[in-house]
Structure formats: structure tokens, C-alpha cells
Chemist: 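If you scroll down you'll find the structure; I have some questions about it.
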Amino acid sequence: MSGAPRVRSMNVADSETRPVLGPTGNKASSLSARKPSSKPLRKKDRSPDEFGTPEGKKASQFATVTSSSPQLHPTNGSSVLRRHEQLLHSNSSLNASCSSDASTESFHSRASTGRLIRSSSVGYRRKPVVSEPRSVVSDGSLDSPPPLGPQAKKTCAWVTPNTEPCYAAFHDEEWGVPVHDDRKLFELLVLSSTLSELAWPAILSKRHTFREVFADFDPLAVSKMNEKKMVAPGSAASSLLSELKLRAIFENARQITKVIEEFGSFDKYMWSFVNHKPIISKFRYPRQVPVKSPKADVISKDLVRRGFRSVGPSVIYSFMQAAGLTNDHLISCFRFQVCISAAEGKEEARATESSLDEKADGPSERELSTAMDELDFSEEL
């Protein structure tokens, strides 16, 4: 019986050298004598050279080997298995080469969606962000955009667009301006002493209530109030501060009246510590602004000696900043120069007032001596 034996090896290299039993018998034939297969490749096995890609050129080698392999008898099962093995091997090699080339070409691509986006693709390019250019003036200089609103002016760094309006207005109108009114000084001293319980925005939002409760901060009127009734639970004053702070305010009012009797006014007493001129700090950065100063320590000790309460160095320094005894506006703030000008104007006004008072009191010694000399000269004549 002449049956076709099974081929043991499925390797392609073995099939090229080992004689295979064909239809003409057990005769070995060389591969060069065999005619190449004239059967056209199917669409699935078509060489990728038609697309002109580098992957197609690499895969064409496997297609050539497949096409040049001997055409076996259709009834031979081993040849069919061998052909499928060659196709699978060529497809896996093609996929590996495609993936390696794709990873090289997609060096500049993004894979956030799970797909490879080639850098040469125009559709997936990110549009560059173009900043709006500023307008150019006729002389060639760049014109900055116009300021918007009252906050366009440069202020101290702790005043931002998100700052509460009451605190921003306090900074832009009052903070750092020299104060010489006794009632105003007493008010700022009370507000500064409450910083241990409240912040400036909360204090300023209740400022009208403070003025109603404490009789517009008249030291004499506050000193005569019924302290027990004012600190009782349910009163308007108890809703603002603690009992300790309220009792300190009433005691400070009584001590201010004594200072007024001694110095003539609370203004003269406070400004005497700075020689009646504000201290100009000239700070550039917020970190340079201190919490207290040696001058505040001196004032605090003297107030405590006189019987004042809640007047620590930090409280006194906050009072000095608010009352204009020290100008702690940053030099880049628009209020820095305004407060300096206000202080100079008030100094001139005070000098004028003092000269007027001297004239009202009577002629000076120099004027009297001049008048006497003139009188003696007229008598001699």
C-alpha cells in the first residue's frame, strides 16, 4: 500500500530540505524545479506593498516566502496546517513591527484617549493660546489697560479685591491719617482693644452700634454710665464684647478724663510720645510691618501705670497705626504720600493756631522792648 506518510515536523525549514511524497510517487524534487504558484493571493494575503507603507515592505518578505512555497495537494492535511502556521507567523511579525514603528513615530503624541495620535496629524494639534496684545500708542510705547473701579489704585498688599468693603474704605480713608480729636482717639483706642476678640472687618461692621452704645465715644459721658447695667446679660453692650472688655472700656474712659485734666487734652498726651510728629516707617513689604514697637512698649507701660486696662504693646501699636502716630502704609501704596501730606498740613495748621494764640494773649517781649526804645527816642527829641 502506498499511503502518504505524515510529516513529523511543522517547521518550514524542514519542509524545504525533506523529500515529500507527491502524486508521482516517492520521488524527491528540488524547490528550484517546481513552478511557483500562479494562484493570485487573496485579499487577506495581499502584500501590503500596495499601500506604500514601511510596514508593507517588511511584511512583503513573509508574503514572498508564502507564495514561493510548493503547492501541495489539497487533500494533504499537513500542508494546510503548515500554510496556516506561516500566515499566523507573518501576521504576528507584521503586528509587532507596526507597533514598534507606531511607538517611535508617536513620540510627540498623546495617548490620553487610549489611541495613538501621530504628531503629523493636523486634526489633533492643540491650538496655541494667543494672548491679547495691548494697544499701542502713536509714539510707539505700550499703553497699559485702563484701571477699573476704585480698587485700580495700588494699595497695601493686605487689601485685596476680595477684602470686605468696610475694611477697604477704612484703609483708603482713615488708617494712617493723623487724628487730634479726643473723641476720635478714644474710639480708635476702644476698637484697637477689641482686636483680641474680633477682627477689623467684624469691628468696623459694628461700628455704628459701638457709637450708639458708648455715646459717640465721649469720655466724660462714658465715665458716668452705670457700669452694672451696661454689662448685664441681654444689654446692647453685652452683645458686642465680653464683660471683661466692657469693664476695661469704662475704666479707660475714667482715666482719660484724668489725663485731660492734667495735660489739657488726650491728644497732647498721646502725641507727646512721638514729639507731635508721625513716625514714617517706609516699609516695602508686608513682612516688614511689626506687631509692636519699642515706642508702643513705652506708651503701654505709662498707660498701665495710670490705671488703663487692655492696653498691651500690640494693642497700642494697632492704635498708633490707626490714629496716624505711625505711618505704616507701604511705600507703593497710594495712601503713603497722602498721609504724609495730611500730617504736614496739620502741623502747619497747629503752628498757625499757636501763633494766633500768642497774639491774642498780648504783645511779645520783643514788641514791648521795641516800643520802649521808640518812646525813649521821641522823648530825647
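This chain uses plain numbering: 1 for the first residue, then up along the sequence.
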Chemist: Less than 4.5 Å apart, any side-chain heavy atom of V231 and any of F250?
Modeler: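 Heavy-atom side-chain distance check passes, below 4.5 Å.
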
Chemist: Shortest non-hydrogen contact from F263 to K268?
Modeler: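 Heavy-atom minimum between the residues: O-CD, 3.6 Å.
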
Chemist: After noting the C-alpha distance and the side-chain angles of D297 and K301, does the key distance pass the salt bridge (charged side-chain N to carboxylate O under 4.0 Å, His left out) rule?
Modeler: CA-CA 6 Å; D297 291 336; K301 290 178 181 179; over 6 Å; no

Chemist: Would a single hydrophobic cluster contain both V274 and I340, if residues Ile, Leu, Val, Met, Phe, Trp and Tyr are joined by side-chain heavy-atom contacts under 4.5 Å?
Modeler: no

Chemist: Is NZ or CZ of R287 both nearer than 6.0 Å to the six-membered ring centre of Y285 and within 45° of the ring axis?
Modeler: yes

Chemist: If we ignore hydrogens and angles and just use 3.5 Å, is the side chain of S235 paired with the main-chain N or O of M230 as donor and acceptor?
Modeler: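 Here the side-chain-to-backbone pair exists.
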
Chemist: May I ask you to check whether over 12 heavy atoms, not counting those of R284, lie within 6.0 Å of atom CZ?
Modeler: no

Chemist: Under 3.5 Å, is there a donor-acceptor pair between the side chain of W200 and the main chain of C166?
Modeler: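 Between the backbone of C166 and the side chain of W200 there is no qualifying donor-acceptor contact (under 3.5 Å).
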
Chemist: Classify the ring geometry between H171 and W175 as parallel (under 30°), tilted (30 to 60°) or perpendicular (over 60°).
Modeler: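 Ring orientation, 0 to 90° scale: parallel.
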
Chemist: Strictly below 4.0 Å, N to O, side chains only: are R254 and E227 in salt-bridge contact?
Modeler: yes

Chemist: Using only atom types and a distance under 3.5 Å, with no angle test, would you say the side chain of N327 pairs donor to acceptor with the backbone of F336?
Modeler: yes

Chemist: Any side-chain heavy-atom pair from I256 and D182 closer than 4.5 angstrom?
Modeler: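 No, their side chains stay 4.5 Å or more apart.
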
Chemist: F308 versus D302: any side-chain heavy-atom pair under 4.5 Å?
Modeler: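 Side chain of F308 against side chain of D302, heavy atoms only: no contact under 4.5 Å found.
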
Chemist: Report the C-alpha distance between R309 and R247 in whole Å, list the side-chain angles of each, state the deciding distance to 0.1 Å, and finish with yes or no for side-chain contact (heavy atoms from CB on, under 4.5 Å).
Modeler: CA-CA 9 Å; R309 299 181 185 177; R247 293 187 181 276; 4.2 Å; yes

Chemist: Under 4.5 Å between any side-chain heavy atoms of L189 and I316, yes or no?
Modeler: yes

Chemist: Is V311 close to S193 at the side-chain level, that is, under 4.5 Å between some pair of heavy atoms?
Modeler: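 Contact flag for S193/V311 side chains = no.
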
Chemist: Without swapping roles, check the side chain of D181 against the backbone of R183 for a donor-acceptor pair under 3.5 Å.
Modeler: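 Yes: the side chain of D181 pairs with the backbone of R183.
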
Chemist: Distance only, no hydrogens: is a donor on one side chain within 3.5 Å (strictly under) of an acceptor on the other, for T160 and N162?
Modeler: no

Chemist: Regarding S242 and E197, do their side chains bring together a donor and an acceptor under 3.5 Å, going by distance alone?
Modeler: yes

Chemist: For residues K277 and E344, determine if any side-chain heavy atom of one lies less than 4.5 Å from a side-chain heavy atom of the other.
Modeler: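 They are not in side-chain contact.
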
Chemist: Would V315 and V289 show up in the same hydrophobic cluster when neighbours are defined by side-chain heavy atoms closer than 4.5 Å?
Modeler: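 Looking at the clustering, V289 is in a separate group from V315.
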
Chemist: How about V222 and F186: do any of their side-chain heavy atoms sit closer than 4.5 Å?
Modeler: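 Answer yes - side chains close enough.
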
Chemist: Quick one: do V177 and M320 end up in the same hydrophobic cluster if we chain Ile, Leu, Val, Met, Phe, Trp and Tyr together by side-chain heavy atoms under 4.5 Å apart?
Modeler: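 Different clusters: V177 never reaches M320 through Ile, Leu, Val, Met, Phe, Trp or Tyr contacts under 4.5 Å.
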
Chemist: Any salt bridge linking R335 with E173? Criterion: basic side-chain nitrogen under 4.0 Å from a carboxylate oxygen.
Modeler: no

Chemist: Is it possible for you to check whether K153 lies under 6.0 Å from the centre of the six-membered ring of F334, through NZ or CZ, and within 45° of that ring's axis?
Modeler: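 Satisfied, under 6.0 Å and within 45°.
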
Chemist: With a 4.5 Å cut-off on side-chain heavy-atom distances among I, L, V, M, F, W and Y, is there a chain of contacts connecting L244 to V190?
Modeler: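 No: no chain of side-chain contacts under 4.5 Å links L244 to V190.
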
Chemist: Taking atom NZ of K292 as the centre, does the number of heavy atoms from other residues, nucleotides or ligands within less than 6.0 Å exceed 12?
Modeler: no

Chemist: L191, W158: one ILVMFWY side-chain cluster at the under-4.5 Å cut-off?
Modeler: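 Yes; W158 is reachable from L191 via cluster members.
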
Chemist: May I ask you to say whether E262 pairs ionically with K258, meaning some side-chain N is under 4.0 Å from a carboxylate O?
Modeler: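 K258 and E262: not salt-bridged.
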
Chemist: Could you tell me whether a side-chain N or O of S192 sits under 3.5 Å from a main-chain N or O of L188, the two making a donor and an acceptor?
Modeler: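 Yes.
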
Chemist: Is it the case that K245 and S196 place a side-chain donor and acceptor less than 3.5 Å from each other?
Modeler: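 S196 and K245 do have a side-chain donor-acceptor pair below 3.5 Å.
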
Chemist: Just so I know, are the side chains of I331 and F283 near enough to count as touching, which here means a heavy-atom distance under 4.5 Å?
Modeler: no

